Amino acid sequence: MFPRRWRFGWDRHTEVDLFTDRHETSAQTLSQAIRAAAAEEPDADGSVLFGHLQGTVVGLRYYTGVVNQGEMVGLVRQPQNPYDSNAVMVANIYGNQVGHIKRELAAAMASIMDRNLAKVEGVVHSGTKNSFTMPVMISFWGKEENKTTVTEIMTRRGYKLNTGSRPTGANQKPNNSQGARALASKKGLTIALTAEELKNAFDNLFEGLMESKDGEKEAAKAVGTPLLLHQKQALSWMCARENKSTLPPFWEKRGELYYNSLTCFSAKEIPERVRGGILADDMGLGKTLTTIALILTNFHKGKPLPVEKCEEQASPVKGKTKPPTASRLEGSISAGDRAGVSDAAAGSLSSHLPQVEVISVDPPDVAEIVGKTDKSTSKGKMKATKRKPSKEAPVLLEDLDFAAALGGSASDSGSKKKKTATKSAPTPSVESFITESADDLSARTTLIISPLSVLSNWLDQFEQHVRSNVKLNVYLYYGSDRNRSKRFLSSQDVVITTYNVLSADFGNKSPLHEINWLRVVLDEGHIIRNPNAQMSKAVLGLKTQRRWILSGTPIQNSVKDLWMLLAFLRLKPFDVREWWNRVIQRPVTQGDRDGLQNLQTLVRCITLRRTKGSKVNGRPLVCLPDKTVCVEQVELSQSEREEYELARNEGRSTISRYVAEGTVLRNYADVLAILMRLRQHCCHPDLLAKTSADLGAAATPAELRERLIEKLRLVLASGSDEECSVCLDSVRLPVITHCAHVYCRPCIAQVIGTEQNVARCPLCRSEIKTNELVEFPQEEMEEEKSTNSEKWRTSSKVQALMGNLLRVRCEDSSIKCLVVSQFTRFLSILETPLREHGFTFVRLDGTMSQKRRTQVIQEFQSSAADSPAVMLLSLKAGGVGLNLTAASRVFLMDPAWNPATEEQCIDRCHRLGQTRNVVVTKFIVKDSVEESMVKIQRQKQDLVEKAFGSTNTDRKTSRIDDIKALMEL
DNA sequence: ACCGCCGGGTGCC
DNA sequence: ACCGCCGGGTGCC
């Protein structure tokens with residue numbers, strides 16, 4: 001009798017769940033259980049298929065979960081099951097239980113699952129209509145080293161793992177490479193992608209994800225800054241993603257059911273929509289502004305956020321001073337403001353005047369509600385909790401935005417005619433609406449989570465882009481005295497905090513995790529890519545209706561990075577790691593084209609990305625001012641020329657000897673040093689001092705090596721831009737091999753890694769080992785800056801630069817200049833004449849701390865009268881993101897091997913935000929190695945443009961050719 | 001009759 | 001479950 005009674009208990013339990021909250025509790029608890037199990041989900045990477053076997057799902061009649069033909073099911077251990085501690089539950093995608101695995105098999109599986117020896121997965125191919133049992137295909141995946149153990153365990157219990165090819169996924173599609181190849185031969189289908197193709201596919205995954213049909217949308221009136229065309233498109237897209245109830249990718253309606261074509265799962269209820277997405281525009285295209293516009297434009301039901309308007313225009317919002325009237329709100333609002341964020345921002349936050357008036361853009365019902373709730377809360381601020389949907393919801397077609405929202409598409413650009421709105425708003429289909437009942441209209445607040453470093457930027461941008469007469473409640477949730485009142489926070493329009501604060505609060509009665517947000521925005525969302533990080537968990541724990549990720553670089557390393565983003569967006573069913581792994585990650589990493597195709601579809605559906613180069617209707621998103629590049633030939637003085645020729649002849653004879661011997665590559669370090677010396681001669685004689693270590697005759701090969709490496713250290717430490725012959729780009733994280741060749745560490749590591757036996761240097765075929773690679777700081781600290789002005793002397797190139805700088809200053813003293821060199825010591829030399837001629841300047845090189853860099857850039861970018869006019873910039877300093885738009889003249893003091901490096905540098909000022917025409921001057925010494933370098937640069941560019949097909953060997957010989965050409969041999 | 005066989009009751013873990 | 005298994009009813013051909 002006992003078991004029977006217990007079964008009643010179990011049944012009653014589920015029944016109670018069904019009664020109380022069908023869609024929440026029962027499904028939720030199970031899916032939570034699965035989610036919890038999935039948290040331990042091992043990485044699918046590197047797992048191999050051990051084999052598969054047919055099993056049986058029993059007890060179907062006790063559960064409500066149904067499955068379709070070909071549907072993937074989850075196999076979840078149930079150690080607490082009172083009948084059998086080995087129990088394995090079978091559940092569908094939504095976490096609804098389907099049944100159990102038959103006892104004996106479950107026992108075998110349990111011993112494997114509990115010891116984490118394999119990940120066990122199920123697919124149901126037939127018998128889905130059965131009432132009592134159904135067959136299930138069970139496959140075992142895990143680390144290679146566990147394969148025999150797993151096979152043994154199963155064999156011991158009488159289960160044989162089949163290893164032949166078989167359908168692994170839904171739809172009987174092969175998603176492992178063997179299967180794919182086997183099929184390929186039969187059906188002429190695709191074969192697995194190569195690693196190369198895969199990498200390219202990732203790189204391009206996010207490219208060009210502009211949904212062309214989305215039209216544009218004007219921002220609400222409260223947005224003071226006019227949006228650019230592409231920003232209106234983004235706004236339109238974002239509003240549509242928040243308002244329209246399009247099914248998530250791979251879901252389709254089949255009769256009464258919603259069906260997922262990848263997992264073959266179907267459900268009666270509409271899958272939870274992703275209300276939000278990834279805005280992955282390039283930096284500088286205005287993600288922040290677009291987001292601010294979204295907040296103000298798309299409140300509930302597609303209407304603008306009800307904002308109060310200040311009667312008086314008195315508040316000097318743009319100023320840095322705190323308005324005197326701020327006192328009332330100050331106490332509550334600015335509690336955390338001062339924790340290190342700019343005064344200007346804090347000023348704006350508390351600058352709202354008490355006298356308020358509802359802006360009339362809102363339909364009457366909303367206005368009324370605002371009026372009512374106004375007094376119900378403290379101090380005249382709006383509170384949203386009492387807000388309720390108005391039943392009648394009068395449709396005001398005068399409200400273009402709203403009409404557009406009704407029509408399910410945004411307004412045409414510029415078509416402001418009311419009749420357009422009326423016409424283009426056909427009877428809205430139920431489909432295109434938010435299910436209003438499911439909407440919590442009481443949610444008001446947008447929570448923005450950002451890295452600390454850009455926190456102040458948000459505040460600045462709110463201030464800059466929100467009309468100064470609009471009272472937007474923005475609260476900075478930061479600092480030890482931050483206001484943790486839920487009531488207070490959820491009455492704000494916007495709450496901004498950092499990832500660190502969020503994760504510090506998490507699990508600690510965090511108010512942020514109890515509030516029902518209207519919208520959560522993750523700025524630089526790619527930083528939450530590690531699902532195990534506390535930060536990520538804290539982000540996933542937030543309750544919100546709409547979710548956005550802003551990121552210029554959504555994928556940093558691999559597909560894996562994407563999961564966290566999809567999980568945050570709650571993209572069903574991939575927010576559960578198992579489905580993501582099974583349907584996307586594993587197929588993709590194994591090179592399955594369908595998997596990649598699915599991934600692309602997935603990403604495409606939720607992402608908008610435009611790059612600086614993107615075009616809309618054939619026109620670039622943003623028009624940059626002109627850029628002119630000119631070369632200025634520099635003639636060496638007689639004494640300089642003599643010194644140069646001396647060095648050249650010496651070097652030439654050495655190198656021609658190497659060429660004759662065919663040992664150029666073996667003596668590469670020496671060759672580079674010779675070239676370096678010549679290049680330094682072209683700039684300034686004093687550059688040579690430290691790099692002229694004499695090679696001399698070395699006693700032992702080891703000693704020789706030592707010296708070669710030392711020589712290379714000097715070459716690289718001087719800031720020279722050298723090329724890695726693996727990636728053919730400028731070396732990044734340079735390392736020197738024992739044979740004295742320079743590569744990027746990742747590049748050479750890959751070369752060594754892919755070699756089965758002994759790895760050989762790509763340049764000279766010497767044996768190389770990882771532990772023999774010599775590393776050094778990217779740019780070594782300059783030796784004491786003893787370029788004392790007494791011994792200081794000029795050079796032709798210095799003269800040429802100074803002439804230009806003086807001329808520019810004479811013509812227009814507001815023009816700022818970048819002076820760029822590969823040689824940081826050259827920059828030091830240049831400081832003397834700059835000072836002499838009264839130029840204010842700053843310097844940016846690789847040795848500076850991140851903090852100092854930002855400081856310098858800020859100083860330089862300032863438009864203040866006493867801000868620096870010149871920046872001395874080391875060619876490789878800073879990343880690509882550097883913004884130096886204050887400058888409009890660029891002087892490239894010396895040519896780089898890699899023209900792309902120069903381009904990158906120029907792009908730091910010729911980019912979004914540049915208002916002036918940019919003039920670039922390259923100084924090239926006539927009849928010198930520099931001229932030859934320019935020639936080679938051009939050839940390289942041609943090569944790159946003609947074909948990517950040049951192999952490594954081609955490049956190696958061309959490197960020798962380069963050197964011969966440089967020395968005119 | 002301490003068996004075989006029949007047929008009804010019953011059924012996940 | 002159109003099964004297997006259990007256990008009661010039954011019993012030559």
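Here is how names work: the chains are called A, B, and so on, in the same order as the sequence lines, proteins then strands, and each is numbered from 1. The model shown is predicted, which means the values in this text are computed figures rather than measured ones.
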S.K.: A:Y83 side chain N/O closer than 4.0 Å to the phosphate oxygens (OP1, OP2) of B:dC12?
M.R.: no

S.K.: Rounded to the Å, how far apart are A:L105 CG and B:dC13 P?
M.R.: 11 Å

S.K.: What do you reckon, are the aromatic ring centroids of A:F506 and A:H513 less than 6.0 Å apart?
M.R.: yes

S.K.: Going by an N to O cut-off under 4.0 Å, is there a salt bridge joining A:R157 and A:E152?
M.R.: no

S.K.: Syn or anti for C:dA1, please, going by whether the chi angle lies within 90° of 0.
M.R.: anti

S.K.: Assign A:L60 to base, sugar-phosphate, or nothing according to its heavy-atom contacts below 4.0 angstrom with the strands shown.
M.R.: nothing

S.K.: Answer yes or no: is there a donor N or O on one side and an acceptor on the other, between the side chain of A:W517 and the main chain of A:L512, under 3.5 Å?
M.R.: yes

S.K.: Given the C1' atoms of B:dC2 and C:dC13, what is the spacing between them in whole Å?
M.R.: 25 Å

S.K.: Using 4.0 Å as the upper bound for N to carboxylate O, is an ion pair formed by A:K509 and A:E514?
M.R.: no

S.K.: Pick the P atom in B:dG9 and in B:dC5, then give their distance to the nearest Å.
M.R.: 22 Å

S.K.: Rounded to the Å, how far apart are A:N130 CG and B:dC12 P?
M.R.: 15 Å

S.K.: Let's test your reading of the model: under 3.5 Å, does the base of B:dC13 pair with the side chain of A:D84 as donor and acceptor?
M.R.: no

S.K.: Rounded to whole Å, how long is the line connecting atom NZ of A:K102 with atom P of B:dG11?
M.R.: 15 Å

S.K.: Tell me the partner of B:dC13, counting only Watson-Crick (N1-N3 plus N6-O4 or O6-N4) or G-U wobble (N1-O2 and O6-N3) with both under 3.5 Å; none if nothing fits.
M.R.: none

S.K.: Roughly, in whole Å, what's the span from CE in A:M134 to C1' in C:dC3?
M.R.: 17 Å

S.K.: Return the stacking result for C:dA1 and A:F132: yes when the ring centres lie under 5.5 Å apart and the planes under 30°, no otherwise.
M.R.: yes

S.K.: Over how many whole Å does the gap from A:R103 atom CZ to B:dC12 atom P extend?
M.R.: 10 Å

S.K.: Where the side chain of A:N68 meets the backbone of A:C264, is there a donor-acceptor pair that is under 3.5 Å apart?
M.R.: yes

S.K.: Side-chain donor or acceptor of A:Y62 under 3.5 Å from a matching atom on the base of B:dC13?
M.R.: no

S.K.: In whole Å, I'd like the distance from the NE2 atom of A:H100 to the C1' atom of B:dC13.
M.R.: 5 Å

S.K.: A:M109 has an atom CE; how far is it from atom C1' of B:dC13, in whole Å?
M.R.: 13 Å

S.K.: What is the distance, rounded to the nearest whole Å, between atom CZ of A:R61 and atom P of B:dC13?
M.R.: 12 Å

